[in-house]
Amino acid sequence: MSARWRIVGWIVLTTALALIALLVTVRSLLIAGVDRDANDDVVQEVQEFTTFAGEAVDPLTARPYTSVSELLERYLSRQNASTGEVILGITGDEVLHLGSSGRGSNEDYRLSTDTALLREIREDPAASGVRETAAGTMRWGKVDVEAGAQSGTLVIAAFTGGGYEQVQETVTVIFFVALGGLLFTAGIAWLAAGQILRPIRDVRRVAAEITESDLTARVPVQGRDDVAALASTFNDMLDRLEHAYMTQRNFIDDASHELRTPITVIRGHLELIDDDPASRAATLALVDGELSRMARIVSDLLLLVKAERPDFVQRAPVDVAVLMLDLEAKMQALGDRRWLLMEVAEDVVALDSQRITQAVLQLGANAVQYTPADSDVRIGSAFTGTGLDRQLRVWVEDSGPGVTEAEAAVIFERFEHGSASSLPADRRSVSQRGGAGLGLAIVRAIADGHNGSAWVRSEPGHGATFGLLLPAPENAAARPAVEPPSRPPKPPTGRPAENGELRHPDPTPITASLPVIGSTTAQGAP
């Protein structure tokens, strides 16, 4: 059975049970009302007769009654019996009656002629009761009257058969009205269930249309209810799957392209290798270089895969000043540049020093690649914010050609490169593409592993500043006592002035004035 029929079935069943309970309750209340009205009529007549008999004076002659028969006859002449009510005055064998004679639904029945029942009622010691007759249930009451040697009985009977018939007619009308309402409810439930389940049918249809290569189908969303929210969530899931699929496909395409190029170069040179020692040595050197590049690409890919693991970053208390001094010393080996340590943050922060070193050295390597020899490359670190919102900013600034706004938007993605024209003229022959395009992706993965972000600021033609923005909440009570080692003496660095003296660089980092044109994560650049 479909969900639509199940919904309709439960609604109809629940409504039917409610209507049945309503019918039973209404019928019981109406029958109880009929019985109560019959009892009230009997009690009222008994009280009226008791009051009338207690006066013992004929209202027409103003004289006392001379016999019981006269009393009963006078009382009956003054009464008007209601429907189903019978009032009998009995003296000896004489029966005076008033009312419908108690026929009920039986036209042949007369209570006044039912001598056996009247005898039982007169002999019954109880003053009232209920009897079953040929005309239905009868509720009765009696009052015995004595005057000297003469005695009589006033019998009041109320037949409830007519009332029960009216109750049955009323319940029948209610039943058919309820049945019509039930059918109407079933129709409304069928339409409403179809309307509610339409997004689910759309989800099933869209899921059937999705294939391995086509994830573009989406479920139409209408309204703002829970089912619409389900459709929206399903569409969001499809968006994520499509994005993951496209990313995976692009990653495979780019990786295959990056690995295919060195393989093609190696195969082509090996096919042309000859017996000349010099040519053979040059070919082997080129093959070794391409194999090294392939190994580096594979290592970077493995590192990016490992970045998805929860243990990729292992935090520990690290003195930021010591870390920056170590980074400056290690960057000296990256290239013949003037490495200027502009600013040093001083505090202990929980981070993975090896991963941060790897990321900053990658930024330094990129700066070397895109700047000429003897140019300035500035590095620094600083804290921004206070308390739990404090962040550590580590940056590397070069004086190269910079990046455009379009490049900055995607430069931290895998296999993305800066424009080939951005490379210095003396380096374009070495690698037109400037590497496999995985270095900055690794930097971003390390920043994401620290719940931080990687960012870039640049003006084309005026250099670029790449950096990391890492959470560094301030908690003085939890800081371990780590004493930074003294920095070894270093010869002053800077630009030589015209008089031959060294001119120290401007202590204000360029990141304070350059506009932000790219950011890879939600936190953005500082």
[X] (side chain) donor-acceptor with [Y] (main chain) under 3.5 angstrom:
{"X": "Ser353", "Y": "Val318", "answer": "no"}
{"X": "His450", "Y": "Asp352", "answer": "yes"}
{"X": "Ser458", "Y": "Val403", "answer": "yes"}
{"X": "Trp339", "Y": "Glu328", "answer": "no"}
{"X": "Asp319", "Y": "Val322", "answer": "yes"}
{"X": "Glu407", "Y": "Thr404", "answer": "yes"}
{"X": "Ser375", "Y": "Thr371", "answer": "no"}

My understanding is that only residues two or more places apart in sequence, or in another chain, count here; which of them pass side chain to side chain contact (heavy atoms under 4.5 Å, CB included) with [X]?
{"X": "Arg198", "answer": "Gln195, Arg201, Asp202, Gln222"}
{"X": "Phe184", "answer": "Ile188"}
{"X": "Leu270", "answer": "Ile266, Val287"}
{"X": "Ser232", "answer": "Val221"}

Partners of [X] by side chain to side chain donor-acceptor pair (under 3.5 Å), sequence neighbours excluded?
{"X": "Glu242", "value": "Arg218"}
{"X": "Thr216", "value": "Asp214"}
{"X": "Arg355", "value": "Gln358"}
{"X": "Asn366", "value": "Gln362"}

Does the side chain of [Y] come within less than 4.5 Å of [X]'s, by heavy atoms?
{"X": "Thr357", "Y": "Leu327", "result": "yes"}
{"X": "Leu361", "Y": "Lys330", "result": "yes"}
{"X": "Phe466", "Y": "Val443", "result": "no"}
{"X": "Val313", "Y": "Asn451", "result": "no"}
{"X": "Trp395", "Y": "Leu468", "result": "no"}
{"X": "Asp336", "Y": "Asp374", "result": "yes"}

N-O pairing of [X] and [Y] below 4.0 Å:
{"X": "Arg444", "Y": "Glu413", "result": "yes"}
{"X": "Arg338", "Y": "Asp376", "result": "yes"}
{"X": "Glu209", "Y": "Arg205", "result": "yes"}

- Message: With salt bridge (charged side-chain N to carboxylate O under 4.0 Å, His left out) as the criterion, how do Asp398 and Arg337 come out once you've worked through the C-alpha distance, each side chain's angles and the decisive distance to 0.1 Å?
- Response: CA-CA 10 Å; Asp398 62 52; Arg337 304 292 185 275; over 6 Å; no

- Test applied, side chain to side chain contact (heavy atoms under 4.5 Å, CB included); reference residue, Ser381; option that passes from Val394, Leu323, Val360: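 That would be Val394.
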
- Query: Around atom CZ of Arg280, are there more than 12 heavy atoms of other residues, nucleotides or ligands at under 6.0 Å?
  - Reply: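 Result for CZ/Arg280: enclosed.
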
- Message: Would you say that more than 12 heavy atoms from the other residues, nucleotides or ligands in this model lie under 6.0 Å from the CZ of Arg267, or not?
- Response: no

- Quick one: which residue pairs count as a ring-ring contact (aromatic ring centres under 6.0 Å, His included) with a foot in residues 190-241, not counting sequence neighbours? Trp5-Trp190

Listing, residues 11-37 side-chain donor-acceptor contacts under 3.5 Å, not counting sequence neighbours, or none:
{"residue": "Thr14", "atom": "OG1", "partner": "Trp10", "partner atom": "O", "Å": "2.7"}
{"residue": "Thr15", "atom": "OG1", "partner": "Ile11", "partner atom": "O", "Å": "2.7"}
{"residue": "Thr25", "atom": "OG1", "partner": "Ala21", "partner atom": "O", "Å": "2.7"}
{"residue": "Ser28", "atom": "OG", "partner": "Val24", "partner atom": "O", "Å": "2.9"}
{"residue": "Asp35", "atom": "OD1", "partner": "Tyr164", "partner atom": "OH", "Å": "2.5"}
{"residue": "Asp35", "atom": "OD2", "partner": "Tyr164", "partner atom": "OH", "Å": "3.3"}

